[in-house]
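One structure below.
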Amino acid sequence: MSLAAIRVSARRGAFAAPVARVPRTFRNSAFRRYSTEAPKTKSSNTALFAGLGLAAAAGGLAFYIYSSSSDTAKQAGTALKSGAQAVKVAANFVPTKEDYQKVYNRIAEILEDASDKGYDDGSYGPVLLRLAWHCSGTYDKETGTGGSNKATMRFTPEALHGGNAGLGVARDIMEGIKKEFSWISYGDLWTLGGVAAVQEMGGPKIPWRPGRIDGFEVDVTPDGRLPDGALGSDHLRNIFYRMGFNDQEIVALSGAHAVGRCHRDRSGFDGPWTFSPITLSNEYFRLLLEEKWIWRKWDGPKQLEDKTTHSLMMLPTDYALVQDKSFKKWVQAYAKDQDLWFKDFASVVSRLFELGVPTPQFVSSDPWILQTSNE
């Protein structure tokens, strides 16, 4: 297709497509308490800018948007990018699956560098998975804000949220890869890192597709949207129901605690959940049920330790999964059947990583399965 034809196609798509109504704006291998209150919702110009973004993608409003420093112009710029992404998809002007596989392969290579650098248990997998989780888990289904689109943890307000303490390690790793593959958005890069982490640590294949855009500081989410490990089942439901998940999915996602550890200088909590913190398995669920858990006597926040070795830990939110009947039946199911958990985990993590991304932005109608480094 010629460049002129692409422009004509983009222009027609920009002015023919109706503008959808958009809602108003408004782990730390572990968790933390809230440090700020969520701001009151404000009226949003997103719907207007979505139309402007589509038009600008065909060539029109870019000069004003990118030469102005106002918040309004920045919101318009984000919508322009969103519209441009949709036009790219329509014109098939996007990197190929093979290009994204190359990024995946580079991430997989870097995971084991942690061993040479003495980081944690010898893999960057857990911290990259946490980055992907936390950049996605800010989604609010009622307002349509947050999620992996726009990658707002790049900005100071969100990067400094208590739940994101220590994730500078992961962002720095991803920044190095971003320099090698400058065309990929941060949201796509971070979530692809989560996919690579799961698959390279022995977990299931995670369906994934690209299409996220990079936003501005004005798009950052308020603190308090991620789980607080010191609380219980009611809190878990408040957090995860807000994202659109149910009890079974809350338990399935919690199984990610099979990998990684808490750090005293980040969350305040300390220690790994399992004996194999860089291997994804259903061990987390088996330990919850089979071990005797007692409260640790120390000067840190309340957490549990296994009575046998005193080397493992569980957070109050972990222990809540076996104290709540609705949660416990799924803990029991996953402890007995790793294949069942892998199936459910792959499905819900794929959904988690897509939270907040408008469907037209995706470059594929169906998610992809990327090959592991051993394939």
Which pair of heavy atoms, one from [X] and one from [Y], lies closest together, and at what distance?
X: C262; Y: S267; answer: CB-OG, 4.0 Å
X: A258; Y: L280; answer: CB-CD1, 4.2 Å
X: A256; Y: L129; answer: CB-CD2, 4.3 Å
X: F345; Y: P204; answer: CD2-CG, 4.1 Å

Nearest 0.5 Å, please: how far is [atom2] in [Y] from [atom1] in [X]?
X: W330; Y: N246; atom1: CH2; atom2: CG; answer: 8.5 Å
X: L340; Y: N282; atom1: CG; atom2: CG; answer: 10.0 Å
X: T317; Y: I250; atom1: OG1; atom2: CD1; answer: 11.5 Å
X: L288; Y: E283; atom1: CG; atom2: CD; answer: 11.0 Å
X: W273; Y: L315; atom1: CH2; atom2: CG; answer: 5.5 Å
X: I369; Y: K97; atom1: CD1; atom2: NZ; answer: 7.5 Å

Cationic tip of [X] above [Y] ring, under 6.0 Å, 45° of axis:
X: R212; Y: F353; value: no
X: R296; Y: W298; value: yes
X: K307; Y: W293; value: no

All salt bridge (charged side-chain N to carboxylate O under 4.0 Å, His left out) counterparts of D344, not counting sequence neighbours: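 Checked D344 against salt bridge (charged side-chain N to carboxylate O under 4.0 Å, His left out); zero matches.
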
Salt bridge (charged side-chain N to carboxylate O under 4.0 Å, His left out) partners of R209, counting only residues at least two apart: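 Result, salt bridge (charged side-chain N to carboxylate O under 4.0 Å, His left out) vs R209: E354.
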
Give a yes-or-no answer on whether the side chains of [X] and [Y] include a donor-acceptor pair shorter than 3.5 Å.
X: H257; Y: D318; value: yes
X: T191; Y: W208; value: yes
X: T152; Y: D219; value: no
X: E158; Y: N164; value: no
X: Y100; Y: N105; value: no
X: E200; Y: S373; value: yes

Residues E375 and K205 bridged, charged N to O under 4.0 Å: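 A salt bridge links E375 with K205.
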
Salt bridge flag under 4.0 Å for residues E249 and R351: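 Counted as a salt bridge, because a side-chain N and a carboxylate O are separated by less than 4.0 Å.
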
Shared hydrophobic cluster for I294 and L312 (ILVMFWY, side-chain gaps under 4.5 Å):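 As far as the 4.5 Å side-chain criterion goes, L312 and I294 are not connected within one cluster.
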
Pairs flagged by side-chain hydrogen bond (donor to acceptor under 3.5 Å, both in side chains) wherever residues 165-180 is involved - sequence neighbours left out: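 Sorted pair list: R106-E180, E175-Y186.
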
Under 4.5 Å side-chain linkage, directly or through intermediates, the cluster mates of F155: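 When side chains under 4.5 Å apart are linked, the cluster holding F155 also contains V220.
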
Whether Y319 and W295 hold their rings parallel, tilted or perpendicular, with breakpoints at 30° and 60°: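 Aromatic pair Y319/W295 classed perpendicular.
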
Qualifying residues under side-chain contact (heavy atoms from CB on, under 4.5 Å), relative to T308, sequence neighbours excluded: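 Applying side-chain contact (heavy atoms from CB on, under 4.5 Å) to T308 gives E291, D306.
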
L304 side chain near M313 side chain, heavy-atom distance below 4.5 Å: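 Of all side-chain heavy-atom pairs linking M313 with L304, none is under 4.5 Å.
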
Derivation and outcome, side chain to side chain contact (heavy atoms under 4.5 Å, CB included), residues M153 and H134: CA-CA 9 Å; M153 202 195 302; H134 283 213; 3.9 Å; yes

Side chain to side chain contact (heavy atoms under 4.5 Å, CB included) evaluation trace for W190 with L128: CA-CA 8 Å; W190 291 356; L128 293 189; over 6 Å; no

Pairs involving residues 105-132, ordered by first then second residue, that meet ring-ring contact (aromatic ring centres under 6.0 Å, His included) (sequence neighbours left out):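 Applying ring-ring contact (aromatic ring centres under 6.0 Å, His included) to every pair that reaches into residues 105-132, excluding sequence neighbours, yields Y119-Y124.
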
